[in-house]
Amino acid sequence: MDVTADGWLSRTLRPKRVPVPWAAAVRAGAVISAGVAAGVAAGNPRMGMLLATGALAAAMRDRHPSYRLRLVHITVAVLGGAVGTATGVAFHDRGWWTVAALVGAAFVSGAISAIGSALSAAGMNLLVTASVWSALPLREPWWWPPLLYLAGGAGVLVLALAAWPVRAGTAERAAVARVYREIAAMLDAGDAGRAWTVLAPAVSDAYDVLTGYRMSAPGRDPESVWLMGMLNAAQPLLEAVATMLRRGDAFPPGASAPVTALAGAVASGAHGIPPPERRPETADERIFSRALAYAVSCLRGDAEPPAAQPGRRWGRDLSAVLTSPDTLGYALRLALCMGIATVLVSVVAVPHSYWVPMTVTLVFKPDFGSVFGRAVLRALGTLAGVAVGGVLLLLVPPGWPTVPVVFALGAVARIGIDRSYAMMSTAITPLVLILVESAAPAPLGMVLPARLYDTLIGCAIVLAAGYALWPGSWRVRVRDRLAGTVTAAADYLQAAFEAGRQPARQRRRLYRRFSELHKGMQQGLSEPPPAGSRTAAWWPEVVALQRVSAAIVEAAVQARSGAAVPSSGDVTATVAGLRRLAAAVQDWPVPASPGPLPGSGPLAGVAQEIRTAWSALPGGRPRGPGARTAG
């Protein structure tokens with residue numbers, strides 16, 4: 001990862017290197033253009049616009065390989081847009097009541113965005129459609145726009161799920177197989193750091209996919225039980241490989257071959273692979289061999305299935321999320337920006353005034369990435385999109401000739417959402433221009449400059465009222481995520497050496513924390529200075545924390561394999577040292593040292609890595625109440 005603070009703009013503009021989702025792009029283009037074609041055939045361009053906008057909202061959430069998650073995310077996103085459409089229709093042209101309704105919708109949108117990615121997209125669609133339909137005149141019954149919007153989204157959903165009956169379980173098997181492939185890649189590369197930078201997100205994603213599978217599968221589905229067993233079996237294998245790499249042990253030739261074979265068997269649904277030919281020689285090789293044998297037994301279905309995990313206390317968790325200061329702060333800032341935008345367009349006569357609040361909604365989504373970066377990319381993408389849209393509106397006559405153009409723009413927009421926000425904005429801007437101008441035409445010479453001005457105004461509102469006035473929003477919570485990861489490491493260490501406990505849940509939580517930490521670092525590094533510089537200052541601590549976690553894993557693996565078990569006093573002291581480190585990361589000033597740590601014994605390596613992590617804290621150790629550091 002590039003952690004230099006001066007390259008934030010290039011990181012923001014650089015497209016992501018991800019595979020092109022050709023199937024999803026074709027689905028997006030086909031259903032969006034089909035909506036336009038239906039409107040042309042019926043002689044009702046507004047009907048075509050409504051069908052196409054519903055399809056567009058659904059296509060932007062057609063991003064999950066799992067059919068079950070695809071169903072949830074597309075459905076929730078389209079329902080949010082339909083509610084927003086009904087809200088906008090109900091409060092169209094009602095003066096201050098319209099402003100109040102959009103401000104309230106913004107607060108609700110911001111609050112539910114914290115619950116999860118599906119509701120975050122639903123909240124964004126709710127606010128976008130409410131903004132649009134509060135400005136467009138209604139010529140049909142009030143229920144007609146939300147109904148057509150739902151119909152357009154349903155078209156994408158039907159195509160997205162069409163192969164489910166014949167490809168059921170494919171995405172879930174692929175998610176688990178990816179974990180085994182990454183373990184094999186870690187073996188081939190000899191890179192222990194991949195356990196926390198690459199494998200941690202892979203493990204977290206696989207658990208998310210399987211959780212959705214098991215929640216929707218009837219009863220105790222054998223396929224989901226088998227896949228969960230295979231994912232759980234990957235953990236000791238991952239720990240064995242990470243331990244050998246940390247200790248500098250050389251792997252025998254072809255060590256990754258059986259792991260790759262396991263990945264292929266999981267992906268295809270096979271229940272057996274040939275046994276490894278080479279017998280282990282060293283103690284670490286025997287640990288690896290036992291972990292591999294356990295994974296093979298799970299593949300055959302010989303091992304005991306994993307015990308069901310207790311259900312989460314959803315009501316308590318949901319209440320905590322919705323009432324947290326971060327959630328309420330974001331919701332209030334979004335409502336403030338929306339209030340400014342709606343008041344502004346109410347007093348300044350511009351054609352299709354919804355573009356300013358719509359820009360506020362699309363830019364002010366910190367859970368989708370850097371707000372500052374999205375503002376820059378939105379402005380650049382709109383500038384290019386307005387130019388493209390102007391050319392298309394001049395050259396392409398209304399009616400049937402617009403259908404292939406809409407197909408191409410819809411497909412490019414779907415590709416752009418994975419690769420570059422600027423690319424997506426460049427495609428969506430002319431697409432929305434064509435849809436709206438076909439349904440509610442306005443003079444072209446007025447519309448194109450207005451769209452660019454509206455975008456710049458919306459970005460300026462977000463940067464001023466939602467970003468610059470709130471210094472706390474400049475932070476990307478790197479300290480919070482780091483402290484949470486250290487705490488998860490302490491919990492895992494405590495569970496790993498406590499008699500009678502299985503640390504599987506704490507281990508999964510540690511992987512998830514590392515996944516979230518690396519996402520936060522990437523987001524923070526895309527912020528301009530000083531936020532980007534502060535984030536970069538914490539990178540050595542992230543690396544040190546990876547080494548701490550690797551040392552904990554090594555100690556746990558050795559203890560399970562018959563080596564000396566640390567005393568309860570050493571475990572308590574080491575856990576306390578980790579919690580002091582979490583406090584040092586979270587709050588400043590901090591204690592002057594990590595406290596007493598084991599100097600010898602099974603946890604001596606962990607203690608040494610904790611001391612190294614302490615010395616890696618930005619700014620060095622604090623010297624008093626007034627000490628400060630980056631962050």
Side-chain angles (χ1 to χ4, degrees), residues 186 190-196 200 235-251 282-288 290-291 482-483 485-504 506-507 509-511 513-514 540-585 590-617 620-621:
M186 186 167 70
D191 181 8
R194 290 176 65 93
W196 311 108
Q235 305 301 321
L237 189 61
L238 168 58
E239 291 179 343
V241 172
T243 297
M244 292 180 72
L245 289 174
R246 173 178 162 76
R247 292 162 67 90
D249 294 345
F251 286 97
T282 67
D284 285 341
E285 285 182 19
R286 285 191 288 273
I287 295 173
F288 172 75
R290 284 196 295 269
L482 260 173
T485 308
V486 178
T487 301
D491 294 341
Y492 173 57
L493 173 63
Q494 190 166 19
F497 295 104
E498 189 172 320
R501 289 190 66 181
Q502 293 294 330
Q506 289 77 15
R507 181 175 54 205
R509 182 167 173 260
L510 179 59
Y511 287 141
R513 287 289 191 176
F514 263 107
E541 188 65 23
V542 174
V543 176
L545 183 53
Q546 292 174 4
R547 295 181 60 85
V548 170
S549 302
I552 295 172
V553 167
E554 178 187 353
V557 168
Q558 295 298 318
R560 287 200 305 266
S561 303
V565 177
S567 66
S568 59
D570 282 355
V571 172
T572 300
T574 309
V575 169
L578 283 168
R579 300 201 188 282
R580 289 191 191 94
L581 179 61
V585 171
V590 297
S593 74
L597 293 170
S600 60
L603 294 181
V606 178
Q608 181 56 45
E609 296 297 352
I610 293 174
R611 295 186 187 97
T612 302
W614 192 273
S615 64
L617 290 170
R621 294 180 181 175

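- Here the shortest heavy-atom pairing between Ala582 and Ala483 reads O-CB, 3.6 Å.
- The heavy-atom pair separating Ala584 from Leu617 by the smallest distance is CB-CD1, 3.8 Å.
- Applying the side chain to side chain contact (heavy atoms under 4.5 Å, CB included) test to Arg246 and every residue at least two apart in sequence or in another chain returns Arg547, Ala550, Ala551, Glu554, Glu609.
- Looking at every heavy atom in both residues, Arg579 comes nearest to Asp491 through NH2-OD1, 2.8 Å.
- The side chain to side chain contact (heavy atoms under 4.5 Å, CB included) check on Ala613 picks up Glu541, Ala544, Val548, Leu581, with sequence neighbours excluded.
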Under 3.5 Å donor-acceptor pairs involving side-chain atoms of residues 237-245, not counting sequence neighbours:
residue: Glu239; atom: OE1; partner: Arg560; partner atom: NH2; Å: 2.7
residue: Glu239; atom: OE2; partner: Tyr492; partner atom: OH; Å: 2.7
residue: Glu239; atom: OE2; partner: Arg507; partner atom: NH1; Å: 3.2
residue: Thr243; atom: OG1; partner: Glu239; partner atom: O; Å: 2.8

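- Note that CG of Leu597 is 8.0 Å distant from CG of Leu578, once rounded to the nearest 0.5 Å.
- For Ala555 against Pro602, the heavy-atom pair with the smallest separation is CB-O, 3.9 Å.
- To the nearest 0.5 Å, atom CZ of residue Arg513 and atom CG of residue Leu510 are 10.0 Å apart.
- Applying the side chain to side chain donor-acceptor pair (under 3.5 Å) criterion to Gln506, with sequence neighbours excluded, gives no partner residue.
- Under the rule for a ring-ring contact (aromatic ring centres under 6.0 Å, His included), the partners of Tyr511 that lie at least two apart in sequence or sit in another chain are Trp196.
- Contact of the Leu545 side chain with the Val585 side chain is not registered, since no non-hydrogen atoms from C-beta on lie closer than 4.5 Å.
- Every pair tested for side chain to side chain donor-acceptor pair (under 3.5 Å) that includes a residue from residues 564-575 fails, sequence neighbours excluded, so the list is empty.
- The nearest pair of heavy atoms linking Met186 to Ala195 is SD-N, 3.7 Å.
- Here the shortest heavy-atom pairing between Ala490 and Val575 reads O-CG2, 4.0 Å.
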